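Written below as structure tokens is the structure these notes are about.
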Protein chains: 2
Amino acid sequence: MADDSSIPPGHEVLAAVLQIRAGELHVLLWQRALPPDAGRWALPGGRLRDDEDVETSVRRQLAAKVDLADVAHVEQLAVFSAPDRVPGGRVLATAFLGLVQSDVNPHLPEDTAWHPLADLPPTAFDHDAIVARARDRLRAKLSYTNLGFALAPAEFTISGLRELYTAALGHPISATNLQRVLTRRGLLVPTGRRVTPGPSGGRPGATFRFADRNLHVTDAFAVLRPPHPPSGGRPPVVP
Amino acid sequence: MADDSSIPPGHEVLAAVLQIRAGELHVLLWQRALPPDAGRWALPGGRLRDDEDVETSVRRQLAAKVDLADVAHVEQLAVFSAPDRVPGGRVLATAFLGLVQSDVNPHLPEDTAWHPLADLPPTAFDHDAIVARARDRLRAKLSYTNLGFALAPAEFTISGLRELYTAALGHPISATNLQRVLTRRGLLVPTGRRVTPGPSGGRPGATFRFADRNLHVTDAFAVLRPPHPPSGGRPPVVP
DNA sequence: GCAGTTTTCGCCTTACAATCGAAAACATGG
DNA sequence: CCATGTTTTCGATTGTAAGGCGAAAACTGC
């Protein structure tokens, strides 16, 4: 099938690394110093070498911006291939989703920073579309996999986990329901320990950890939906 | 980030086009006449041109093997990028899943034929892995999307649809349950017509069509599971 | 008609998500 | 030290979807 004659396009890998910081989804971006798109913010990544596959490549290039040990999960998203997606020659991009646990704060280079997805700075090329794709993938997989392990600290309370899920999903969920759903799926393991309450008091929360820190899908494809205004549940008591 | 110096790898697109024929999942393959891997069977596809994105390219190259109007659905699967995946120079591949409705029988070139997934001939390069990926994607999406429209004819009976789902999923499902699940999701529309029974008689089946022939996910992420030996349902009557 | 076949429908149970109210466990202020 | 407020956790309850079985419906062929 070598019928077409064309200059082989370049190929780069790009990673949208997400983390929940201060209750909001953030993405790791670095500010371009040189044209094209100087001053705009870009995803970590770069050219694919000819002795590595794309998974190896994205991990290598990510290491230039953050400590790889801090990235809890990496998976391929899609190829972005519009002919004019970058100026000055054709470059295809294989995009990845990366996740960092909320309790780590990696050391970053000067040009690199976390930005909330709700308020992105001007982004380079088609990188904003890649970020949107990463967000959608994360939200979908939180519902039917154990991907929460890549957002949560090693040990956490249910209400802490609820905040993370709320921030990632973009809508509130019930802590009661979250605990039961994840427990029934066998994803949650109680540590036996409990956390000391804050300055305002309150019952100390029991801590949990994820049973498995490798991605797998739950056989029940259930969804953590946004709250359903008038639906199931015990009927309100009328006084 | 133009720090690396390497020869840009070539890029090709490949499509695993699936269809249910005679109650079994088949894939469209063509037999290579020239080295490398002469005589082995390969997926349709070829080099990416520099004026087209990968979606456009795979549709163009697919048209060399089948009538594009016969392909009901095309979606991107993943990039295959092992440095040695093809001999004689690096070539990345963006793989696609294609689906053909079971009632069409496209005219094929001499070198091209349908092969059952359960009994594949020797395949070229990593194409068997791509076929496996396409099968897995189809099975997953049948459960939580309306993707059945791309396998089924325009009009069908429930038992006909059951055979298609059984073949695609690889395990039997209940016709009763299939009808109720798809109906509740709003995917099925009764045509009002009914089919004439076979030579062995029987009640004529009512025909249905899919409400929407564009892919969309069902908000309930339910699964069409394999039959559950001792589970719910009306208890058997003990005589 | 009568027996056999296939489809369709009703009734049932299980599973699980979702909600509410209250009890448990702790801090703080009087 | 007790009352009050706050936060977490658990029990009770319901809605909904899915899966299963049996019987009725609708047809063919003898």
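Everything numeric here is computed off the predicted structure, so don't read it as measured data. Just so you know, these numbers use all the heavy atoms, side chains as well, and skip hydrogens, waters and symmetry mates. To find a chain, count down the sequence lines: A is the first, B the second, and so on, and within it residues start at 1.
In this structure, the CG atom of A:Leu178 is 14 Å from the C1' atom of D:dT8, given to the nearest Å. Nucleotide C:dC16 holds its P atom 16 Å from the CD atom of A:Gln179, rounded to whole Å. Rounded to an integer number of Å, the gap from CZ of A:Arg180 to P of D:dT8 is 17 Å. As rounded to whole Å, 12 Å separates atom P of C:dT8 from atom CG of B:Leu161. Residue A:Asn177 contributes atom CG, which lies 16 Å from atom P of D:dG11 at whole-angstrom precision. The CZ-C1' distance, from B:Arg162 to D:dG20, rounds to 14 Å in whole Å. In this structure, the CZ atom of A:Phe156 is 15 Å from the C1' atom of D:dT8, given to the nearest Å. Across the protein-nucleic acid pair, B:Ile158 atom CD1 and D:dG19 atom P stand 15 Å apart, rounded to whole Å.
We find the NE2-CG distance between A:His26 and A:Leu28 to be 11.0 Å, quoted to the nearest 0.5 Å. Here B:Thr145 contributes atom OG1 and B:Asn214 contributes atom CG; the two are 12.0 Å apart, rounded to the nearest 0.5 Å.
For the residue pair A:Asp67 and A:His107, no side-chain donor N or O sits within less than 3.5 Å of a side-chain acceptor on the partner. A donor-acceptor contact closer than 3.5 angstrom links the side chains of A:Asn105 and A:Arg21.
No engagement by B:Ala175 is indicated, since no non-hydrogen atom pair under 4.0 Å with the nucleic acid exists.
Using a 4.0 Å cutoff on non-hydrogen atoms, the parts of residues 193-201 of chain B near DNA chain C are B:Ser200, B:Gly201, ordered by number.
A side-chain donor-acceptor contact under 3.5 Å links B:Arg137 to the backbone of B:Gln76. Under a 3.5 Å cut-off, the side chain of A:Asp53 and the backbone N or O of B:Ser81 do not form any donor-acceptor pair.
For D:dA17, its base never sits under 3.5 Å from the side chain of B:Arg184 at any donor and acceptor pair.
Each of B:Arg203 and B:Ser174 has a nearest nucleotide on DNA chain D; the 5'-most of these lies closest to B:Ser174. Each of B:Thr207 and A:Thr176 was matched to the nucleotide of DNA chain C holding its nearest heavy atom; the match closer to the 5' end belongs to B:Thr207.
By the 30° and 60° cut-offs, the orientation of the rings of B:Phe210 relative to B:Phe149 is perpendicular.
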